[in-house]
Engineer: 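The structure follows.
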Amino acid sequence: IDNNGIPQIVEYSIPDPLIEMKEPIVVLAPDSGGMGRAKRFRDSLEKRLKRVNGIGVVYLDKERISGKKVRGSKIVGNVNKKQVIILDDLISSGSTVSVAAKAVQKHGGKVWGVCATHGLFVGGSNKHLKNIPRVIVTDTIRPFRIKGKKLKNRLFVIPTSRMFAQAIRRTHEEGGSISDLLK
């Protein structure tokens, strides 16, 4: 991360990989609308970790008070004594992640990290994400707007260029399936 808080090196591996984890794992969607995405992520994770029917999916009963404020402390499902991966499509200010992490703690779980497709990191994201051990996003939005070195050694960026290149190649040259690529 440079002096402006922008990551200069893309991390390809994440310390403490899930494959070595023995504790039960749960994927948490921050609202009921994210359940489909959470189930697909869980299915993929179960295959990679060889834990068939071994990873749960839960969701936060969240309420958006305004464009910037959310609240919710009820989790639909069980996170007690489990490692929780919060999965969302976008981290904007991180307020939803913060609310979800507090709910996980309240219900006896431990947040392993948050995974999101896009990371904007605006507003109070430094404050909202300060207690999240791992933040994993793709490089679809750059540069990040993180101030200082607040996420140093906790922010992991997954590059998407190879996937997009393969999708273009399949479309124009090989005639392969993009759906298969996304699995």
Side-chain angles (χ1 to χ4, degrees), residues 1 5 11 14-46 48-49 51 53-138 144-158:
I1 297 179
E11 295 288 343
I14 301 166
D16 304 320
L18 292 169
I19 201 158
E20 297 171 6
M21 186 183 302
K22 302 298 181 211
E23 298 95 345
I25 300 170
V26 172
V27 177
L28 181 140
D31 52 44
S32 61
M35 285 295 287
R37 179 176 40 253
K39 287 178 181 178
R40 287 188 302 276
F41 182 80
R42 182 262 326 262
D43 293 346
S44 177
L45 200 55
E46 282 182 338
R48 288 176 189 260
L49 300 178
R51 289 191 185 192
N53 297 320
I55 299 175
V57 175
V58 301
Y59 74 91
L60 179 69
D61 186 11
K62 177 183 80 175
E63 178 183 4
R64 187 162 294 281
I65 300 167
S66 70
K68 294 182 179 180
K69 293 187 179 185
V70 294
R71 70 175 172 201
S73 61
K74 296 177 188 167
I75 293 178
V76 179
N78 182 12
V79 298
N80 189 35
K81 297 182 182 174
K82 297 180 182 179
Q83 292 284 333
V84 179
I85 300 170
I86 301 169
L87 179 72
D88 209 351
D89 57 347
L90 170 73
I91 298 174
S92 184
S93 70
S95 62
T96 296
V97 172
S98 178
V99 167
K102 288 175 186 169
V104 166
Q105 284 184 318
K106 177 183 172 187
H107 291 277
K110 182 177 179 184
V111 174
W112 181 86
V114 60
C115 298
T117 305
H118 311 289
L120 285 175
F121 306 114
V122 298
S125 61
N126 286 339
K127 180 180 89 171
H128 293 302
L129 299 172
K130 70 180 179 182
N131 294 320
I132 305 299
R134 293 164 198 83
V135 178
I136 304 160
V137 296
T138 66
F144 296 116
R145 299 175 187 165
I146 300 167
K147 301 287 189 240
K149 298 178 181 180
K150 301 291 184 180
L151 287 176
K152 186 173 183 175
N153 300 323
R154 297 184 301 125
L155 176 63
F156 301 91
V157 181
I158 299 171

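Computed over heavy atoms, backbone and side chain alike; hydrogens, waters and symmetry mates excluded.
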Engineer: Evaluate the side-chain contact (heavy atoms from CB on, under 4.5 Å) criterion for residues I136 and I158: first the C-alpha distance (whole Å), next the side-chain angles of each, then the deciding distance (0.1 Å), finally the verdict.
Structural biologist: CA-CA 7 Å; I136 304 160; I158 299 171; 3.6 Å; yes
Engineer: Would you name the heavy atoms of I86 and A100 that are closest together and state the gap between them?
Structural biologist: CD1-CB, 4.0 Å
Engineer: Kindly give the heavy-atom pair with the smallest separation between H128 and S93, and that separation in Å.
Structural biologist: CD2-O, 3.2 Å
Engineer: Can you tell me how far the NE2 atom of H118 sits from the CG atom of D89, to the nearest 0.5 Å?
Structural biologist: 7.0 Å
Engineer: Once rounded to the nearest 0.5 Å, what's the spacing between atom OG1 of T117 and atom CD1 of I91?
Structural biologist: 9.5 Å
Engineer: Tell me, do L45 and I85 make a side-chain contact under 4.5 Å, heavy atoms counted?
Structural biologist: yes
Engineer: Shortest non-hydrogen contact from S92 to S125?
Structural biologist: O-CB, 4.1 Å
Engineer: Taking atom CD1 of I25 and atom CZ of R42, what is their separation to the nearest 0.5 Å?
Structural biologist: 12.5 Å
Engineer: Rounded to the nearest 0.5 Å, what separation is found between the CG atom of L87 and the CZ atom of R40?
Structural biologist: 9.5 Å
Engineer: In the structure I gave you, are the side-chain heavy atoms of V104 and L60 within less than 4.5 Å of one another anywhere?
Structural biologist: no
Engineer: Using modelled atom types only, decide if a donor and an acceptor are shared between the side chain of R154 and the backbone of I132 within a distance under 3.5 Å.
Structural biologist: yes
Engineer: Could you pull out the closest heavy-atom pair between L49 and L18, with the gap in Å?
Structural biologist: CD2-C, 3.9 Å
Engineer: Compare every heavy atom of H107 with every heavy atom of K74, then report the nearest pair and how far apart it is.
Structural biologist: CA-NE2, 4.0 Å
Engineer: Any chance you could measure Q105, atom CD, to K110, atom NZ, to the nearest 0.5 Å?
Structural biologist: 10.5 Å
Engineer: If you round to the nearest 0.5 Å, how far is CG of L90 from CZ of F121?
Structural biologist: 9.5 Å
Engineer: Side-chain contact, heavy-atom cut-off 4.5 Å: P133 with V111?
Structural biologist: yes
Engineer: For W112 versus M21, what's the shortest heavy-atom pair and its separation?
Structural biologist: CD1-CE, 3.1 Å
Engineer: Identify which one of L28, V27, D31, V76 satisfies the side chain to side chain contact (heavy atoms under 4.5 Å, CB included) criterion when paired with Y59.
Structural biologist: V76
Engineer: Can you confirm whether L155 sits close enough to V157 that some side-chain heavy atom of one is under 4.5 Å from a side-chain heavy atom of the other?
Structural biologist: yes
Engineer: Taking C-beta and beyond as the side chain, do E46 and D43 meet within less than 4.5 Å on heavy atoms?
Structural biologist: yes
